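As structure tokens, the structure follows; a few thoughts come after it.
First the proteins, then the strands, lettered A, B, ... as listed; each starts at 1. Owing to the predicted nature of the structure, the values given are computational and were not obtained by experimental measurement.
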Amino acid sequence: MMDVGRHPNITLYTYSEVENVTGFIGNFKVTIRKKARYVDENECTACSDCAEVCPVIVPDEFQQGFSSRKAIYIPFPQAVPSTYTLDMESCLGNNPIACGKCYEACEKKCIDYDMQDEIIEIDAGAIITATGMDVYDPTELDEYGYTRYENVITSMEFERLISASGPTEGHFIRPTDRKVPKTVGFIQCVGSRSEKRGNPYCSNICCMNTVKDTLLLSDHYPGVECKVFYMDIRAFGKGFEDLYMRSKQEGVKYIRGLPGEIEEDPNTKNLILTVENTSNGKLEKHNLEMVVLSVGVIPRQDNKIIKQLLTLSTTSDGFYMESHPKLKPVDAPTRGVYFAGCAESPKDVKDSVTQASAAAARASILLNAGKVKIEAITSRVIPDKCIYCGICARVCPYHAIVPPDKKTKTLPKVVEAACAGCGTCAAECPSDAIIMRHFRDEQIMAQIESILSEKPEEKIVTFACNWCSYPGADLAGTSRIQYPPNNRVIRTMCSGRVDEKFVFHAFKLGAPIVLVSGCHFSDCHYINAVRWTQKRIEKLWNKLERKKIRPERLQLEYISAAEGQKWARVIKELEEIRKKVTKKEIEETMKILSE
Amino acid sequence: MTKLNFDFRNKLDAMLDGDRLNYCYQCGACVGDCPAAKYSEEFNPRVILLKALFGMEDELIADDSPIWLCTNCYTCFERCPQDVRPIEVIIALKNITVDQEKNPVEISKIVESVRKTGRTVTYTPLVDKRRQELGLGKIEPISDAVKEIEIITKGL
């Protein structure tokens with residue numbers, strides 16, 4: 001961290017928050033609120049004179065509340081910059097008459113009670129999001145008694161107790177009697193891999209963290225007996241299995257089975273834990289002097305703010321979603337934004353460093369080139385047709401369209417560097433004033449006309465998105481899955497491109513069935529464009545009903561690139577529906593629509 | 001050798017509306033706090049679920065099956081991280097057993113007693129004799145309860 005602080009090319013803004021981000025790849029404008037420290041960071045020498053006289057004592061967050069700090073403090077010994085910060089929430093009030101002891105004690109007079117937050121605006125070419133994670137709070141899992149028993153601690157608290165810079169200077173003692181415990185139990189998967197309480201995903205780091213903890217303990221205190229209660233030990237990385245084996249050789253007992261309720265012996269404050277050892281099916285009782293809950297990793301609770309500012313999306317677990325899970329694992333869906341570390345998913349130090357290096361490399365490619373190549377599939381506004389309604393700017397998942405202004409007759413402006421080419425704007429535009437290059441209305445209309453030029457009553461007109469449904473259909477083909485051959489696919493970049501008028505045009509030309517198929521919500525390749533597809537199709541169903549056309553004839557499906565089977569099944573089902581659409585019905589529809 | 005019997009598992013899934021049973025990863029969280037498992041080594045909800053997953057119908061659907069030791073306390077329901085609801089699997093197993101009339105005789109006796117008299121404790125002539133000695137009247141069926149049970153069973 002010191003190196004980063006001293007690097008000539010790195011400006012470090014600590015104790016700061018990102019307030020706003022505007023612009024696009026290569027031209028971001030970032031507004032940063034640098035919060036007031038009430039201490040001049042250039043002058044402060046961290047001599048600690050101020051903290052010595054400060055009368056306010058509050059729990060130390062860094063030490064997990066095991067020790068205390070003053071209202072003027074350094075968050076932790078290695079903090080960069082090495083500067084005191086005044087915590088105004090707990091200070092006796094920025095009123096020198098009330099206290100002002102630190103001001104008097106400071107020789108260099110660098111304490112300023114009237115300091116204000118500073119707003120800084122910087123230009124950025126690329127943004128790396130490394131906002132980290134939070135840890136799971138085990139209060140919810142009441143059977144482990146985290147809030148009731150002092151000797152039940154979390155793995156974060158364990159870390160402080162065994163650390164040389166911790167409250168006990170590295171002496172591992174239990175909170176109730178301040179003696180080194182003889183038996184320590186570790187409970188795995190606290191808040192992880194649970195459908196009901198906590199999170200359904202595996203937090204990735206807790207198994208190896210516990211293995212490391214047991215080794216640390218048996219290294220520092222050879223007599224201490226460690227027992228680990230787990231459902232599966234996932235030692236999957238390089239050298240991890242070795243470490244696990246070493247821990248076993250050190251005499252750590254690994255017991256497969258999740259414990260039930262923990263009880264406390266009121267006299268000794270020991271913890272009694274009942275667990276089924278699933279390897280022999282016997283119910284065992286363990287008397288432990290201390291229990292460590294190996295808590296899972298959760299997304300940062302305030303990551304929605306950055307999500308909005310940078311138009312990111314999150315997966316169902318709440319972590320940020322990459323542009324592509326396999327091929328673009330460090331890129332955000334927004335161009336020019338990259339991920340590093342636990343902001344994207346729970347990961348250990350090594351993986352975080354790997355991803356951070358990749359993100360830095362990706363960003364430097366962009367910055368060194370000074371320009372960016374994008375696909376020519378972007379949208380363009382036709383000035384004559386635009387009615388300045390601003391729908392295009394509202395629906396754009398990337399905020400790539402600068403909204404129009406009716407009063408000054410300013411046209412909406414498409415920022416081509418930010419446009420990804422989903423075509424949602426073109427489909428939503430009520431006056432057809434947006435051209436989607438390479439997927440123009442004329443092109444798609446011509447495809448529909450060609451499909452329905454011969455025996456239209458036998459065809460299934462299908463719109464499939466380029467990333468999920470179209471490859472899904474490909475997979476059905478390459479896997480030699482049989483399905484009705486009368487389905488005709490029109491490829492669009494995103495299902496969001498499918499305009500109402502395409503559907504009506506198809507019905508007008510005698511199509512019995514129209515299918516619109518897109519990605520699943522969680523893996524839409526255009527942030528949330530598929531949601532607009534859903535909204536539009538739902539509206540269309542109502543419109544069809546009002547026009548006395550059976551809504552079943554327009555179908556919406558979500559098929560991923562791996563679901564060749566589903567593709568075939570859907571087409572088979574549609575074929576059944578198509579057979580029931582009579583010639584008379586098609587003729588009626590054609591009549592209704594040509595009126 | 002026991003063969004996997006998927007039909008039995010599917011039958012259970014159909015009764016439980018959903019395939020939650022298949023998500024069990026045998027962590028043993030259901031056993032730690034199970035009061036029945038504490039007193040009897042025979043009873044182990046995790047093993048019952050494993051047997052149900054394997055479709056070991058003969059062992060589960062029998063009058064000496066361990067399922068009858070379950071106290072219906074729903075602790076396993078609370079503890080299960082995967083929301084498998086072991087208790088509901090056990091209740092479904094009990095229902096299958098009763099349908100096939102393989103349940104223990106005692107169970108039928110109690111059910112009969114509840115249906116006829118509204119009492120869960122079975123009635124014996126000895127009780128009458130004791131009551132007579134103490135000068136108490138004969139035990140009569142609880143008419144309200146019997147009526148209600150009739151209505152409920154009609155609904156089923």
Using heavy atoms and a sub-4.5 Å threshold, report which of residues 66-80 of chain B line up against chain A, by residue number. B/F77, B/E78, B/R79, B/C80

Close approach to chain A in residues 97-118 of chain B, criterion heavy atom under 4.5 Å: none

Only pairs of heavy atoms separated by less than 4.5 Å count here; which of A/T278, A/L283, A/L273 has the most with chain B? A/T278

Quick check for you: among A/E276, A/R197, A/E284, which has the greatest number of heavy-atom pairs under 4.5 Å with chain B? A/E276

Taking [X] first and then [Y], would you say they form a salt bridge - that is, a charged N and a carboxylate O separated by under 4.0 Å?
X      : Y      : result
A/K212 : A/E159 : yes
A/R193 : A/D232 : yes
B/D128 : B/R130 : no

Heavy-atom contact with chain B under 4.5 Å, split by part of A/K282: side chain

So, for A/V190 and A/P138, which heavy atoms are closest and what is the spacing to 0.1 Å? CG1-CB, 3.9 Å

Compute whether any side-chain donor of one residue and acceptor of the other, for A/N151 and A/T176, lie under 3.5 angstrom apart. yes

Side chains of A/T139 and A/T147: is there a donor and an acceptor less than 3.5 Å apart? no

Yes or no on ring-ring contact (aromatic ring centres under 6.0 Å, His included) for A/F240 and A/Y244, after CA distance, side-chain angles and deciding distance? CA-CA 6 Å; A/F240 285 9; A/Y244 177 37; over 10 Å; no

Can you check whether anything in residues 247-256 of chain A gets within less than 4.5 Å of chain B, heavy-atom wise, and list it by number? A/R256

Heavy-atom distances under 4.5 Å only: say whether B/Q82 touches chain A with side chain, backbone, both or neither. both

Let me see the working for A/F158 and A/F186 under ring-ring contact (aromatic ring centres under 6.0 Å, His included), right down to the final yes or no. CA-CA 11 Å; A/F158 176 94; A/F186 290 85; 5.8 Å; yes

Return the set of residues passing ring pair (Phe, Tyr, Trp, His ring centres under 6.0 Å) with A/Y149 (not counting sequence neighbours), or none when no residue passes. none

How are the rings of A/Y558 and A/H520 set to each other: parallel, tilted or perpendicular (split at 30° and 60°)? tilted

Charged tip of B/R20 within 45° of B/Y23 ring normal and under 6.0 Å: yes

